[in-house]
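Some notes on the structure that comes next.
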Amino acid sequence: MDQIGGGPVDQSGKTAGVVARVRAMVQDGTLTAGDALPSTRALAAELGVARGTVVAAYEQLDGEGWIRTRQGAAARVAAGVAPGVAVGVTAGVAVGVTAGVAVAPARVTPRRSRESATAVGRAASTTEPVDAVPAPSAPAVLDCRPGIPAVTAIATRDWRAAWRAAADAPLRNTLSDPLGLPGLRAQVAAQLGLSRGFAPAVGRVVVAGGTSEALSLVAEALRVRLGRAPRIAVEDPGYRSGRRAMTSAGAELVGVRVDDDGLDVDALAVLTATEPVDAVVVTPTHQYPLGSVMPVGRRHALLAWAARTGTTVVEDDYDSEFRHRGSPVPALAALDTVGTVLHVGGFSKTLDPRLRCAYLVLPTGGRLGEAVVAARTARGPVVAEPVQVALAHLLRTGALRRHLGRVRRDYTHRREQIAARIDGVRGLEARALNGGLHAVVTWSGPATARAVVARMAAAGVLVSALDEYEVDPGSAPAGVVLGYGALTSPQLDRALDVLLAAVPDGGASVS
Ligand SMILES: Cc1ncc(COP(=O)(O)O)c(C=O)c1O
């Protein structure tokens, strides 16, 4: 974990005291969103503790979502936290009760921030329990459906610099290149070389309007090249928007079961022995939504099957940046020796799904690459050029890498919070916690996912039912999918409280 400053980290009650005090001050409204906290040095001097004690406290508060720390800038109370928020349990300090989450914009008042700093100093030298503020009567709706990352965590300076670069780009009396801005394609190629173990030639990188548009483009290219509806194998359960995009482009889909190692390659081989498919779409790094990681052995088996049958493997690498547990497994594209893999990545999970930008890396073998280029050229550019300039800037300057380092830490905290509160509790199983920014919670009893989702919605927490991801009914266990990318730790606590209340013991049926 990055530290704001050096010095030993004091694990005694002093760190917990600083943490508890700051939380309490946010809860009682003494500190509000945007308020600056004292520097670690100043607060440590005031309290007479090692600076590392305060650094550790700020780290923990940042990880829990109460404050935001940035190197070289004052730590501030995070946006989106406000009086009445629930208190996290990860610190091991027993304070507070669960309350609703309100989202209240607050103005920064430098005078009050100075007062607050002194108050933090005064109070933090004790480890007394802190009284919580009563819950507000109408808690805000908390959207925990998967797909929303921590968009607001990007450094404002970096975000603005990227858009200034887009505004400063010379105006031209020409149309955009339908394959994408060369500068962005080059940055993507370089980034893949650094982070995914394969560095494609820039000419193989093609920009798309999100992963779903990329998949629809692949389906269209196959249809044009084959002169018939392409048959495409997909994971079951799997990515709904991707399926919709491919069927809209004229593809026929075949669902293939997944297990703890991802797509079942033996089942794929059996299923397609008599009726072959033209492509298979997989999420090997973090199967969506169940979260299994395809081991290297199965990756090789999939590639061998693809080479034998002449099938294209489409690798949807949608959230590989957020691997949490275990050693990294190489991308299929990095293992591919025959040029059968078409790799798809994007910025919806790493940055902001509203940008609608993804990329394809064309396979080196066969003729599909040419067909995709032809389809892309026929459809024309889909990502506005200023968006592409801004993204290229974020990649070139390292701003995206810094952002990822920061949110990775937050996501790890959230996963640990979910595991601690849910896994094995009352017959529930928490899955998909080895990476990414969503969790799956399943149970073995007869309660239906739809009933649990409806109960949670009635309590103001939105999640998705696992069966919504099925191709064939019954392919997924009973459970819900919960996205935590955009949640603070207190918000996640509230969602988990509601989930625990909505699922009866062991998933006994819900009326
Ligand atoms: C499996 C999978 N792939 C890709 C994406 C990103 O999709 P898009 O780029 O269309 O926003 C998502 C988003 O939820 C996803 O779940």
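Just so you know, ligand 1 is whichever comes first in the structure, and atom 1 is the first atom listed for that ligand. Because the structure is predicted, anything quoted here is derived from the model rather than measured. Positions are given from 1 along the sequence. Every heavy atom of this structure was used, including side-chain atoms; hydrogens, water molecules and symmetry mates were not.
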- In ligand 1, the atoms that come under 4.0 Å of a heavy atom of Ser212 are 10 (O)
- Note on the structure: A student checking ligand 1 against Gly210 at a 4.0 Å heavy-atom cut-off should list atoms 9 (O), 10 (O)
Using a strict 4.0 Å threshold on nitrogen-to-oxygen distance, state whether [X] and [Y] make a salt bridge.
| X | Y | answer |
| --- | --- | --- |
| Arg257 | Glu235 | no |
| Asp493 | Arg414 | no |
| Glu385 | Arg172 | yes |

- For atom 1 (C) of ligand 1, the option (of Asp319, Val344, Asp316) bearing the nearest heavy atom: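 Considering heavy atoms of Asp319, Val344, Asp316, the nearest to atom 1 (C) of ligand 1 sits in Asp316.
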- Name of the residue among Val256, Leu253, Val254, Asp236 meeting side-chain contact (heavy atoms from CB on, under 4.5 Å) with Val471: Asp236
Ligand 1-proximal atoms of [X], by part, heavy-atom distance under 4.0 Å:
| X | answer |
| --- | --- |
| Thr211 | both |
| Ser348 | side chain |
| Glu213 | neither |

- Do any N or O atoms from the side chain of Glu470 and from the backbone of Ala476 form a donor-acceptor pair under 3.5 angstrom? yes
- Task: Fit a plane to each ring of Tyr318 and Tyr288, take the angle between them on a 0 to 90° scale, and name the class: parallel (under 30°), tilted (30 to 60°) or perpendicular (over 60°).
- Result: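 Perpendicular.
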- Query: Between Thr283 and ligand 1, is there a nitrogen or oxygen pair with a distance under 3.5 Å?
  - Reply: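 N/O-N/O distance under 3.5 Å: no.
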Which residue holds the protein heavy atom closest to [atom], what is that atom called, and what is the gap in Å?
| atom | value |
| --- | --- |
| atom 4 (C) of ligand 1 | Tyr318 CB, 3.4 Å |
| atom 13 (C) of ligand 1 | Lys349 CE, 3.5 Å |
| atom 7 (O) of ligand 1 | Tyr239 OH, 2.8 Å |

- Message: Check this for me: Asp260, atom CG, are more than 12 non-hydrogen atoms of other residues, nucleotides or ligands nearer than 6.0 Å?
- Response: no
